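Because the structure is predicted, anything quoted here is derived from the model rather than measured.
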Amino acid sequence: MSKAFLSHSWADKEFVRSVAHDLGRQYCVFDEQMFDTSESFKDSIEKYLSDSSIFVFFASKASLDSIWVDFEITEARYQTLLKNIQKAMVFIINSEVKPEDLPPWLARAKVLSTNIPKVASREIRYQIDRNIMVTHKPYFEGRTADLEKFQIMMTPIGLPAPKVASIYGLPHIGRRTFLTHAANLTLSFNRLLPITVSDGDELVDVAVKLSTQLEPYSTKDGFEYIIKTIRAETESKLIERIINLLNTAITNKELPTLIDDGGLFTSDGYHREPIRTILTSITSKNEIYLFIITNRKTNELENSLYLKPLLTDHVKRLVSKVASDAEINLTSVQISELSEYINGFPPSVHYAVQLIKTYGISALLADKYKLVQFKVSFFVDFLAKHVFDSTDKKILNMLGKYSPIPIDIIADVVDMDTDQVARSIIKLIEHSLVIFNDNSLYAISEPIADAVISLFREEEDVDHIATYNSLKKHLDSQNEELPRLDLMRLLFKAAARSGQPLDEIFHMSNDLIKLAEDHYHNRDYKQCIRFAELSLAEVPNNESSTELLIRSLIQDEQWEPALKNIEIYSRYAVKRNIAFLRGFYHRKRGELGDAINSFLESERSGHRGVAVKRELAMCYYLNNQIPEAKSYVLDAMSRNETKYVVDLFIQISTREGDEPRAREGLIKLEQLDTSSFVQHRLSTVELRFGNVPAALSAAQKALSSFKGERPTFGILSQLATCYTRTGAFPEAEEIINRLSRQFDNKKNDIRLGLECRLEIEKGRYSLALEILSRIKNKNLLVYKAMERDALAGELKVSSLTDQQRIAYIENLSRLNSELDSKDVVNSWMELMN
């Protein structure tokens, strides 16, 4: 491991301590962290200098006058002559020192002036990375043509060079790596300064993110001062501050790069107002460069470069290089097959080679279905089953919820020794699942984040109270140098998840949006409503918060507030979004014709995503228009096989009586959803194909494996149906009563339908008819089937007046005629969906 020796005076300890903390123990030698008190100071200096590859001198009046620093400089000169030290660097951190004051050999080294610890740590890390690359080959394959396009874009003939440009393309295809390489070759920038712009970020948030990277503060008081001053500034002062910070980055040969995390664009592809304000303000500043990395092309920047996934031949060469350096011999056939697996995404190469190195090529090529595209979920699932121990899993689970985070807090929360946690983290880093970022924090590797969250959905949850307490203890330290912005945002998340007061905790608006999203995906709609409303109080008219609020109100069957918010939203939102929400509203109300019309309007207005395809497929399916449903679901699956789309594919295959395809879909669903829901869907498939005992068993497993306070309505109602079909009437009645308690005033017709079917199976037909009379939407196929069965039973067993009997016979004849060609068997399961 390449390390930097940090030579400094005790008078500059606070500054250098901050640099050392940013770098981390594995990248630097800092006396407080490394020197053994049992050794003499001289022996420690000699020992650690001989083990270092970079010598870093922090030049100040005090350090130039220090006897011990003078000894370190002399010893470093000797180690340089021995070729042990490969690089020397000087940071002048005091205005009294000039380059000519330095020892002659250090004056010839790389000399920089800065009073910002984070700038110094990033420059040192850059040099360390360059040293590492001497022994570890960087892979930059298949981008020669893209580099040429970049050079043409940035050096136009006869025109001024553009200062603002974007790189766009699909995630995880190497956009950041490409820009780092291209900006170094063409513009002589050493590295990128990435600033993530999230949904809800305003000028204040962008200024905070830049300031914590580029202003000379590192303590708690410094962080609080930055936040206080930025929040008090006018818009013009904020712009001035942002421009000054961008200038600082450029001076330090760092290319400011806005990374889009949902905060750069409106839904119609135009810049959000804060971003437009920044871009407009810097157009006249000739010295400032600013790049954007995003998934989509901006409508407002002429200078944009589209980065495609690597072509197959380039992927093959990349696989061959990475495998060869890992001392893995692959045949040309295996390389070709593996390249199909990877499908143009460079990070997948490293995941695949890691797996081959440990378990052989057969582990990766055994499942032919997955050769369509590399499935990170498969990789993570395989490691979880065959490689990781309980400590690894606890750490991955934690990082899936809280990233990036220091190792000490991980150890606190999982209640393990720091050394044990460190060993586990090293294993996770070796398998490309965890990364160590520039702020000395550990984070889940972005390409596998969703797979890890999915994998641990049913495991014991992270202790959010312990996380909150540990973060708070660390942040309460007045003078400890910490990446406070990252940790304060994690503290807010932990507080929200553990029920702590939120009023006094620093956060950004995006933190509220992310919490609302989490609760929505966990089907906790009341909490989603809460956080969406808090977000809108801070950033009015935010699209994501508004749509989360409306969808949660619909899911919670708060129909009037949902409609009111759709009406308000329609005053400023694009037509396709409003039409989509209206379609969602109508589908949840069971108004399928109106839902289909709204979703079609959304599609005609420009909605091209998987969501509208999935919704149309569901509506057509529920409306018994199976060919249309099948067409849309296959279209959605060709774009992205999400768990929702695959589940609908299973339902459509079940309706068509295509048992093999339904079971094929179940295999896919196992890779995408919880075991609880997979068992639930298996139960519906088994019931449809007449295997009632297997359906009951799966329904019971779905309930027993459900993790959370409240099982879903679908899981409970399916179990009640299975109990009814198998004659377990007391158990069915108990589940129906549980539904009534848990979903009070929700889905009344379905709950009444469950009661009605139970009474029919018990042979109490008159009671079934009485229950049926309380159902509002009696025209649905399923309720007509219940009425038919109840009437037929009543005619057989009950004493009726002639008038009643005639009426029942006529109604039964009408119902038999209506239901003659209908799939009554499947109608009840459709209704529950």
Side chains of Tyr520 and Gln555: donor-acceptor distance under 3.5 Å anywhere?
-> yes
State, with a plain yes or no, whether a side-chain heavy atom of Ser676 is found less than 4.5 Å away from one of Ile715.
-> yes
Kindly compute the distance separating CG (Leu214) from CD1 (Ile195), expressed to the nearest 0.5 Å.
-> 6.5 Å
Can you list the steps and then say if Asp518 with Arg497 is a salt bridge (charged side-chain N to carboxylate O under 4.0 Å, His left out)?
-> CA-CA 10 Å; Asp518 287 349; Arg497 288 172 171 169; 2.7 Å; yes
Could you check Gln527 against Leu515 for side-chain contact (heavy atoms from CB on, under 4.5 Å), going step by step and ending with a plain yes or no?
-> CA-CA 9 Å; Gln527 285 288 18; Leu515 284 167; over 6 Å; no
Return the minimal non-hydrogen interatomic distance between Ser498 and Ile465, and the atom names on each side.
-> CB-CG1, 3.6 Å
How about Asp260 and Ile293: do any of their side-chain heavy atoms sit closer than 4.5 Å?
-> no
May I ask you to establish whether Arg272 and Phe265 are in a cation-pi arrangement, using a distance under 6.0 Å from NZ or CZ to the six-membered ring centre and at most 45° from the ring axis?
-> no
Are side-chain N/O atoms of Glu202 and Ser509 paired as donor and acceptor at under 3.5 Å?
-> no
Taking atom types as modelled, find out whether Lys401 and Asn397 have a side-chain donor-acceptor pair closer than 3.5 angstrom.
-> yes
Classify the side-chain pair Asp201/Asn510 by whether it contains a donor and acceptor separated by less than 3.5 Å.
-> no
If the plane angle is over 60° it's perpendicular, under 30° parallel, otherwise tilted; pick one for Phe677 and His680.
-> tilted
Within 6.0 angstrom of Asp415 CG, more than 12 heavy atoms from elsewhere | no
Please assess Phe506 against Leu485 for the test side-chain contact (heavy atoms from CB on, under 4.5 Å), listing each intermediate value before the final yes or no.
-> CA-CA 9 Å; Phe506 169 82; Leu485 178 60; 3.5 Å; yes
Could you state the interatomic distance from CG (Leu548) to OG (Ser535), rounded to the nearest 0.5 Å?
-> 8.5 Å
Arg484 side chain vs Leu475 backbone, donor-acceptor pair below 3.5 Å = yes
Side-chain heavy-atom pair Val19, Ile124 within 4.5 angstrom cut-off = yes
Can you tell if the side chain of Ser675 reaches within under 4.5 Å of the side chain of Lys701, non-hydrogen atoms only?
-> no
Tell me whether the centres of the aromatic rings in His464 and Tyr402 are closer together than 6.0 Å.
-> yes
Shortest non-hydrogen contact between Leu23 and Cys28, atoms and distance | CD1-CB, 3.8 Å
Is there a donor-acceptor pair under 3.5 Å between the side chain of Asp556 and the backbone N or O of Leu553?
-> no
Which residues share a side-chain contact (heavy atoms from CB on, under 4.5 Å) with Glu547, sequence neighbours left out | Tyr569, Asn577, Leu581
Student check: side-chain heavy atoms of Ile167 and Ile292 closer than 4.5 Å = no
Sequence neighbours left out, what passes salt bridge (charged side-chain N to carboxylate O under 4.0 Å, His left out) with Arg489? Give chain and number order.
-> Asp511
Within the distance-only criterion (no hydrogens, no angle test), does the side chain of Ser470 pair as donor or acceptor with the backbone N or O of Thr467 below 3.5 angstrom?
-> no
Please report the shortest heavy-atom distance between Pro711 and Leu703, naming the atom on each side.
-> CG-CD1, 3.5 Å
Asp389 CG to Arg423 CZ distance, which is reported to the nearest 0.5 Å | 10.0 Å
Could you walk me through whether Asp476 and Lys472 pass the salt bridge (charged side-chain N to carboxylate O under 4.0 Å, His left out) test, one step at a time?
-> CA-CA 6 Å; Asp476 282 344; Lys472 191 171 188 304; 3.3 Å; yes
Counting distance only, does the side-chain N/O of Asp205 pair as donor-acceptor with the main-chain N or O of Val208 below 3.5 Å?
-> no
Considering non-hydrogen atoms only, spot the tightest contact between Leu487 and Pro406 and give its length.
-> CD2-CD, 3.6 Å
Relative to the ring of Phe713, is the ring of Phe743 parallel (under 30°), tilted (30 to 60°) or perpendicular (over 60°)?
-> perpendicular
Student check: side-chain heavy atoms of Gln500 and Tyr468 closer than 4.5 Å | yes
Val539 vs Ile513, side-chain contact (heavy atoms from CB on, under 4.5 Å): CA-CA, chis, key distance, verdict | CA-CA 10 Å; Val539 187; Ile513 297 171; over 6 Å; no
Flag the pair Lys514 / Asp199 as yes when at least one side-chain heavy-atom distance between them is below 4.5 Å, and no otherwise.
-> no
Strictly by modelled atom types, are Asp261 and Thr196 linked by a side-chain donor-acceptor pair under 3.5 Å?
-> no
So, does Ser545 use its side chain to make a donor-acceptor pair with the main chain of Asn542 at under 3.5 Å?
-> no
Nearest heavy-atom approach of Val646 to Leu669 is CG1-N, 4.0 Å
d(Thr266 OG1, Asn541 CG) to nearest 0.5 Å is 13.0 Å
Trace of the side-chain contact (heavy atoms from CB on, under 4.5 Å) decision for Val678 with Thr674 | CA-CA 6 Å; Val678 171; Thr674 64; over 6 Å; no
Compare all side-chain heavy atoms of Arg122 with those of Leu193 and state whether any distance is below 4.5 angstrom.
-> yes
With rounding to the nearest 0.5 Å, note down the distance linking OG in Ser552 to CG in Asn565.
-> 11.0 Å
So, does Arg175 use its side chain to make a donor-acceptor pair with the main chain of Thr294 at under 3.5 Å?
-> yes
Thr684 (side chain) donor-acceptor with Arg681 (main chain) under 3.5 angstrom = yes
Closest approach of Leu245 and Ser211, non-hydrogen atoms and distance?
-> CD1-OG, 3.4 Å
Where does the angle between the aromatic ring planes of Phe531 and His519 fall among parallel (under 30°), tilted (30 to 60°) and perpendicular (over 60°)?
-> parallel
Is the count of non-hydrogen atoms from other residues, nucleotides or ligands lying under 6.0 Å from Arg639 atom CZ greater than 12?
-> yes
Between atom CD of Glu557 and atom NZ of Lys747, what is the distance when rounded to the nearest 0.5 Å?
-> 5.0 Å
Does Thr177 reach the main-chain N or O of Gly174 with its side chain, forming a donor-acceptor pair under 3.5 Å?
-> no
